[in-house]
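Read through the structure below, which is laid out as structure tokens, and then see the notes.
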Amino acid sequence: MIHNFNSGPSILPKQVFEQASQAVLNFNNSGLSILEIGHRTPQFEAVLEEARSLVKELMQLDDDHEVLFLHGGATTQFMQIPMNLLNDNQIASYTETGTWGGKAIKEAKLFGHVEIAGSGKDTNYTTIPHQLNVSPTAAYLHITTNETIAGTQWHNIPYDAGVPLVADMSSDIFSRVLDFNRFGLIYAGAQKNMGAAGVNLVVVNQQLLGKVNRNIPSILDYRNHIREKSMINTPPVFAIYVAMLTLRWLKAEGGVSEMEKRNAKKAKHFYDTLDSLPLFRGPVAKADRSLMNAVFVIDNAATEKEFLDQAKSEGFYGIKGHRSVGGFRASMYNALSYESVEALTQFMQQFAASKG
């Protein structure tokens with residue numbers, strides 16, 4: 001049996017694969033593939049509208065928040081957000097919590113002044129900064145709710161920072177209940193918890209838009225995408241369809257609150273096992289551990305390689321840590337079963353026992 005712990009693109013529900021596969025051959029008994037229907041046909045417009053409605057329902061969004069499905073992944077949002085929200089002479093507050101927060105900071109500096117409101121750099125990004133220094137005149141505060149590589153997660157969202165809150169939720173979107181209406185803008189690449197690679201979800205409070213002085217290229221102006229209902233150009237049709245199927249599955253399974261319960265159970269079981277085995281070490285502070293991406297190491301390079309080789313032969317895929325940090329990473333997204341986590345922890349226990 002294969003257990004998919006890949007960090008992204010990652011595991012999706014089996015029924016989503018089955019439904020998407022059928023649609024590639026024959027979409028809704030039309031005789032056409034989902035890959036070849038026009039994006040402005042009633043058939044695809046219905047897909048896009050259902051996907052948008054499901055996001056609003058699952059997040060319980062108010063009327064001020066608009067849902068967009070855009071090209072470019074979360075990385076494009078690193079520059080599109082300050083282009084739309086930050087004037088040249090304004091300050092934006094950013095938290096520096098790892099690789100992805102750092103990349104967002106780099107792009108924002110192209111459009112205005114960036115102040116670091118809090119950083120985990122001094123601990124090599126093994127902690128989340130709990131004391132923030134946010135300028136009251138900042139255009140917004142940016143956080144990365146879950147650092148996929150570092151394995152940290154914000155468990156106390158800084159809703160009360162006094163400025164609009166912007167969040168990269170690429171690796172924990174729809175994994176837990178949050179007050180989504182308290183965010184000015186949320187963005188997330190689909191390929192971890194809500195679909196296939198190729199589309200990016202943006203949820204934006206329309207009240208934040210239209211306040212910068214610069215001329216924004218048409219394709220990068222959120223207002224144009226809102227006006228054209230995510231179809232200012234040809235959208236990533238198949239990726240949006242897979243996202244819609246995944247959102248359908250999420251709703252049928254009990255919604256975000258049910259995902260939160262399942263994810264907490266999986267993470268607790270994994271971390272309890274990790275902490276019980278001296279062979280392994282979790283570098284992240286316990287209070288800041290990610291429920292989505294658990295990182296861990298063995299303090300011996302030869303033993304690490306042996307563990308990784310054996311894990312692959314036993315059907316555990318994707319547990320090699322990111323190339324920039326090494327070690328291991330077990331990504332436990334919504335579609336990953338508790339049984340897969342149990343299988344991994346049993347393997348870890350057996351491997352540790354074999355090493356005495």
Can you tell whether the side chains of [X] and [Y] come within less than 4.0 Å, N to carboxylate O?
X    : Y    : value
K229 : E45  : no
E57  : K251 : yes
R289 : D275 : yes
K266 : E342 : no
E258 : R262 : yes

For the [atom1] atom of [X] and the [atom2] atom of [Y], what is their distance to the nearest 0.5 Å?
X   : Y    : atom1 : atom2 : answer
H71 : N233 : NE2   : CG    : 4.5 Å
L70 : Q77  : CG    : CD    : 6.0 Å
L85 : Q80  : CG    : CD    : 9.5 Å

For this session: Share the residues that join I2 in a hydrophobic cluster, the rule being Ile, Leu, Val, Met, Phe, Trp or Tyr side chains under 4.5 Å apart at the heavy-atom level.
Result: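 Under the 4.5 Å side-chain rule, I2 groups with Y317.
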Step through it carefully: locate the ring centre of [X], locate the ring centre of [Y], and say whether they are under 6.0 Å apart.
X    : Y    : value
F180 : H65  : no
F44  : Y241 : no
F111 : F78  : no
Y94  : Y140 : yes

Verify the distance criterion only: is there a donor paired with an acceptor across the side chains of [X] and [Y] at less than 3.5 Å?
X    : Y    : answer
S135 : T137 : yes
N6   : N4   : yes
H269 : T345 : yes
T145 : D172 : yes
Q15  : E18  : no
D168 : S170 : yes
N146 : S290 : yes

Problem set entry | D179 side chain reached by R182 side chain, heavy atoms, under 4.5 Å | yes
Problem set entry | Sub-4.5 Å side-chain heavy-atom contact between V67 and V204 | no
Seminar exercise, completed: Applying salt bridge (Lys or Arg N to Asp or Glu O under 4.0 Å) to K121 and not counting sequence neighbours gives none
Exercise. Minimum heavy-atom separation for R329 to T148, with atom names?
Worked result: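 Distance-wise, the nearest heavy atoms are NH1-O, 3.0 Å.
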Seminar exercise, completed: Sequence neighbours excluded, the answer for side-chain hydrogen bond (donor to acceptor under 3.5 Å, both in side chains) partners of K265 is none
Exercise. Is there a ring-ring contact (aromatic ring centres under 6.0 Å, His included) between F270 and F296 once you walk through the steps?
Worked result: CA-CA 11 Å; F270 180 84; F296 57 108; 5.4 Å; yes
